[in-house]
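Just so it is clear, the values below take in all heavy atoms, side chains as well, and ignore hydrogens, waters and symmetry mates. So that the names make sense, note that chain A is the first sequence line, chain B the second, and so on, each numbered from 1.
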Number of protein chains: 2
Amino acid sequence: MPVPTFRPIHTRRAFEEICERIREQLALGVLKPGDKLPPERDLAHQLGVSRNVLREALRSLEMAGVLRLLKGVKGGAFIQEGDTGRMNDVMRDMLSLGTISVRELSEARVHVLDLVVRLACVNARQVDLDALEDNIERTELATKEGRLLDRVECSREFYRLLANSTGNKVIAMIMDSVTEIHMRFVYAKVASSGVAMSRLADRRRQLVSAIAEKNAALASRLMGAHLEAVQRMLEQDPGAMSLHVALAEVRPGMRR
Amino acid sequence: MPVPTFRPIHTRRAFEEICERIREQLALGVLKPGDKLPPERDLAHQLGVSRNVLREALRSLEMAGVLRLLKGVKGGAFIQEGDTGRMNDVMRDMLSLGTISVRELSEARVHVLDLVVRLACVNARQVDLDALEDNIERTELATKEGRLLDRVECSREFYRLLANSTGNKVIAMIMDSVTEIHMRFVYAKVASSGVAMSRLADRRRQLVSAIAEKNAALASRLMGAHLEAVQRMLEQDPGAMSLHVALAEVRPGMRR
DNA sequence: TTCCATTGAATGGGTGAACCATTTAATAAT
DNA sequence: ATTATTAAATGGTTCACCCATTCAATGGAA
């Protein structure tokens, strides 16, 4: 039987129609990143809607990362390069709404990172390895100078570089989305307790050299062990894993 | 060095502030799914902004799946249960914008499905297996009766059930996001050529019994082989993989 | 009483005109 | 030539109003 599945209907509203049409032009390749839409007043007139309604549509597309709206003469609505950070926003909302749990996110992260590491073993180029090595050096420096929060930023970058070295932006995007919240927990923990994982740079060097040698089994094992160690550190203080603290906190350099 | 990274700034606009405040209340747990925001006119007054600006914010949150707006007395803006389909929208936009490629998406899908299958071997409960078995029976029926497009819908459901049997909604969400576009290609292919994979139900039965026996290696191998076969089928006709066709097409039962 | 049609209030959906703020280029003053 | 001024284009915001939908209250008919 064709499985009768009834999605809730809601009356079609003008702004939805507009969003859809613009997305359609995108999908068809008529609109491309860098292109500019007509001024709001013109476009509203062309579509036969009021400027207010058009703006609701443009706003939604802007929030979705499809458009960027700039003021002033020479301003306007420009099609953006895709913003890979949008998936992070979705994940954050899901967590805020209680649709997913921190546990599920952490578990997913472990598996995704295992995949990333294994793919990196296959696909990492020398430039990727160099970038990782460079990152580790910066991590060491930050450690020596006691800049603990900078070190957390380095970690964040380390994972990004790792994901990039898989050569697959979809996987990189997924990894970032399951990593962002986690890094907030780490950041909060480090900021409040001042503790820091020891021998971090050494561990990373081992991992990178395993990747360089394309030793997937070893790389996977090292990453797994590291993740467990970090998890133990975070769980020492149960309060540190408070969802609300991590989500509500705004900190510099971290996109909302 | 702490890596000077300059994100583009853009003047803070009222609607952004509003979105952020509402998300903050969500993160803090003050607002929960099912809660209702004050009427637009009241809330606008409370926030000291015009109703139009407030509406831009509400629209954005609605598109993000955070709110649902209902008309009429007893209507209003309600906090939604998280909509796990938002990640699909992000993926679709990324593809439309050319930020990611079909190749990257397909590759990611192969790896994610491998992970899903392996996790299912560990976590699948009897109800999950029963649901899969039931799905396979419906697939068989659709095949016998020549309802090919229904059969594609069954496939879509099969993957969802598989993902659910991992017991991890994050992973299920990720799988769905890398699967939706692919199913559009399959749908377009089947709709245009009328060809259909042979012995589909049998293959699925083998897979499910491997999962039931918790034989991860076998299950992984079976899934891998199946994905390759499907890929070959799709690639027979290069035109069938046209991005624009698959993305622009709207079909019943598939959310936009 | 019970049931159904009518009505009216609450709420989101949508419009149009006006004004503000920012940005840029053209123009004028030095 | 350089710098200050001005004007035009564009998004940001407000206000006042009306429409469409929904649902509860009301009231008349069976």
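Of the residues near DNA chain D, Asn52(A) and Ala77(A), the one whose nearest nucleotide (by heavy atom distance) lies more toward the 5' end is Ala77(A). The residue among Phe15(A) and Arg41(A) whose nearest nucleotide of DNA chain C lies closer to the 5′ end is Phe15(A). Checking Lys71(A) against Ser50(A), the closest nucleotide of DNA chain C that is more toward the 5' end is the one next to Ser50(A).
An OP1 or OP2 oxygen of dG13(C) is reached within less than 4.0 angstrom by a side-chain nitrogen or oxygen of Arg59(B). Contact annotation: Arg55(A) side-chain N/O to dG12(D) OP1/OP2 distance is under 4.0 Å.
As a whole-Å value, the separation of Leu47(B) CG from dT14(D) P is 11 Å. Between the P atom of dG12(C) and the CD atom of Glu16(A) lies a distance of 16 Å, rounded to the nearest Å. Rounded to an integer number of Å, the gap from Glu40(B) CD to dC19(D) P is 18 Å. The CD atom of Glu62(B) sits 11 Å away from the P atom of dG12(C) (whole-angstrom rounding). When the C1' atom of dG14(C) is taken as reference, atom NE2 of His45(A) falls 16 Å away, rounded to whole Å. Atoms CD (Glu56(A)) and P (dT14(D)) sit 14 Å apart, rounded to a whole Å. Atom CG of Leu69(A) and atom C1' of dG11(D) are 7 Å apart (whole Å). What separates CZ of Arg13(A) from P of dT15(C) is a distance of 14 Å, to the nearest Å.
Across every non-hydrogen atom of Ile79(B) and Lys32(B), the tightest pair is CB-O, 3.4 Å.
Residues Glu56(B) and Arg13(B) are not paired through a salt bridge, judged by the lack of any N-O separation under 4.0 Å between the basic side chain and the carboxylate. A salt bridge does not link Arg86(A) to Asp93(B): none of the charged nitrogens lies less than 4.0 Å from a carboxylate oxygen. Using a cut-off of 4.0 Å between Lys/Arg side-chain N and Asp/Glu carboxylate O, Arg59(A) and Glu62(A) are scored as salt-bridged.
Sparse packing is recorded around NZ of Lys74(A), with 12 or fewer heavy atoms of other residues, nucleotides or ligands lying under 6.0 Å away.
In this structure, of dG11(D), dG12(D), dG12(C), it is dG12(C) that holds the atom nearest to the side chain of Arg51(B).
Using a 4.0 Å heavy-atom criterion, one finds that Leu58(A) contacts no nucleic acid atom at all.
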